[in-house]
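Below you'll find the structure, written out as structure tokens, and then a few comments.
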There are 2 protein chains.
Amino acid sequence: MLSLGTQAARVLARCENKTAKEVSRPYLGTTRRFARNVEIFGEDEPATHVYRVVSGAVRAFRILHDGRRQIMAFYLPGDLFGLEYGNSHVNSAEAICESQISVSRLSASSGFAPNSADAFPDLWPLARDEWRRMQDHMMLLVRGAEERVAHFLLEMSRRSGTTASVTLPMSRQDIGDYLGLTIETVSRTLTHLEQAGFIALRSSRQIDLCNRSALARSSA
Amino acid sequence: MLSLGTQAARVLARCENKTAKEVSRPYLGTTRRFARNVEIFGEDEPATHVYRVVSGAVRAFRILHDGRRQIMAFYLPGDLFGLEYGNSHVNSAEAICESQISVSRLSASSGFAPNSADAFPDLWPLARDEWRRMQDHMMLLVRGAEERVAHFLLEMSRRSGTTASVTLPMSRQDIGDYLGLTIETVSRTLTHLEQAGFIALRSSRQIDLCNRSALARSSA
DNA sequence: CGTGCTCTTGAGAAATCTCAAGCCCCGTGG
DNA sequence: CCACGGGGCTTGAGATTTCTCAAGAGCACG
């Protein structure tokens, strides 16, 4: 069993209540614009940069053997992404809609050079957030369609910081590929939730959450 | 966007080709014995130790609202587990069968005290392995029953280092809770794989992999 | 006012789950 | 040595959920 020692423990403690959005190291990145469906990075590409969504939205995904696409995560404004545990990307990332992405190089060639003891507390909260999101996502994939969709709506609402209504940047296909459902099932489930009075579809991408507690019960 | 700087980049590079099993910091832990189905740590307990399986097998899981159990990971001899990103455990862990677990305290009170730059390369490969395993697991949950079971058998075979045959320490219920299937579906799928000549069930826990390539095709 | 894309809806097919029964293995005790 | 009992595993049949295939509706854009 490895021992982690005093300083690691202190660093862990320091990270504990810090979220990825609060990581406050200086920004060195340039902001780039990506059009809808344009690739930001691809699977197996060397992971040379880290990214932050300034505006818009991003999907990270993998293509399965049979051509199906599994979306591993959506990233919304403020979210960091693209930092890998290895040298190359395991997922591809694309802009879901017209997006501004802050891109910064991950290497010595940037003028800024903290030692690794400084970098560690930056990396750890990112890893933790990613891990938690993924763990929740995994739990989601073994539940019924209504639970998945209800949970998804609440997650999007929470993450976009809205209360009464949520604007989805992604298509039904994206939602389906994220939840492991077909677009038809996603659509039908939304219709059911509307008929139950839990939500109202202003338009297909604009959804009012009329009854959050009922939604939460559905997602439970 | 945060910058990671030179040393972090070097450290990442150093970690790149290191797996959890190879992490070589000194062991300080004492080896404890856990009987079948005995809890090693529980959800929400403070994460004060790190664990390594010496013999036996461990399941890490969460209980869902409705009483169902989702197994997040199995740990086999040589695997490290229980290291969390926060202060407390998110999963519970139990011995699947009679197991010896090496337990070491994760704090300053252990005599061993590397600085965090030393601890970082220990933590990072662990996080990476865990992340990869989880990502694969997630991809698995959106596929058909036969693919899930075939993949599971190959994974267990690979991880236990055997070639022709695999001995499963866990019950059908454990497998089902890991794969998001019922025990009946797991059982039926194994029967199908046997009828197809891909495997042979010596006993319910002892499975010969007669045709690995066919299995791999099934799991693809 | 078409055209193309996305979304919704329907009906039948397929996969998985649920409920129920029975089997197998193995340890225990007569 | 054999009957008994319990847990784990398998099998079956019908219910349920989700998928597939197909058609049509809504909407933005040229």
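- If you measure from atom CG of B:Asn37 to atom P of D:dG8, you get 8 Å, rounded to the nearest angstrom.
- Scanning for salt bridge (charged side-chain N to carboxylate O under 4.0 Å, His left out) contacts around B:Arg36 gives an empty result, with sequence neighbours left out.
- Ring geometry, B:Tyr51 versus B:Phe41: the interplanar angle falls from 30° to 60°, so the pair is classed tilted.
- Atom-to-atom, NE2 of A:His192 to P of C:dT9 comes out at 9 Å; the value is rounded to the nearest Å.
- The nearest whole Å value for the distance from the CD1 atom in A:Ile183 to the P atom in C:dT6 is 9 Å.
- Distance CD (B:Glu194) to P (D:dC9): 15 Å, rounded to an integer number of Å.
- Distance CG (B:Asp177) to P (C:dC17): 11 Å, rounded to an integer number of Å.
- For the residue pair B:Glu84 and B:His89, a side-chain donor N or O sits within less than 3.5 Å of a side-chain acceptor on the partner.
- Aromatic rings of B:His137 and B:Tyr178 (six-membered ring for Trp) have centroids within the 6.0 Å cut-off, being under it.
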Q: Using the side-chain contact (heavy atoms from CB on, under 4.5 Å) rule, take B:Trp131 and A:Val90 through it: C-alpha gap first, then chi angles, then the decisive distance, then the call.
A: CA-CA 11 Å; B:Trp131 190 74; A:Val90 179; 4.0 Å; yes
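- Counting any heavy atom pair closer than 4.0 Å across all strands shown, A:Thr191 reaches sugar-phosphate atoms only and no base atom.
- Computed from coordinates, the A:Arg202 CZ to D:dG26 P distance equals 19 Å when rounded to whole Å.
- Using a 4.0 Å heavy-atom cutoff across all strands shown, B:Ser204 reaches sugar-phosphate atoms only and no base atom.
- Side-chain N/O atoms of A:Thr167 and A:Gln206 include a donor and acceptor closer than 3.5 Å.
- Following rounding to the nearest Å, B:Arg172 (CZ) and C:dC25 (C1') show an atom-to-atom distance of 13 Å.
- Note on B:Arg36: only backbone sugar-phosphate atoms sit closer than 4.0 angstrom, heavy atoms only; bases stay farther off.
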**Q.** Under 4.0 Å protein heavy-atom contact, by nucleotide of nucleotides 12-24 of chain D - B base, S sugar-phosphate only
**A.** BB----SSBB---
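- Looking only at atom types and distance, the side chain of B:Ser219 has no donor-acceptor partner in the side chain of B:Glu147 under 3.5 Å away.
- Between the CD1 atom of B:Ile207 and the C1' atom of D:dG8 there is a distance of 14 Å, given to the nearest Å.
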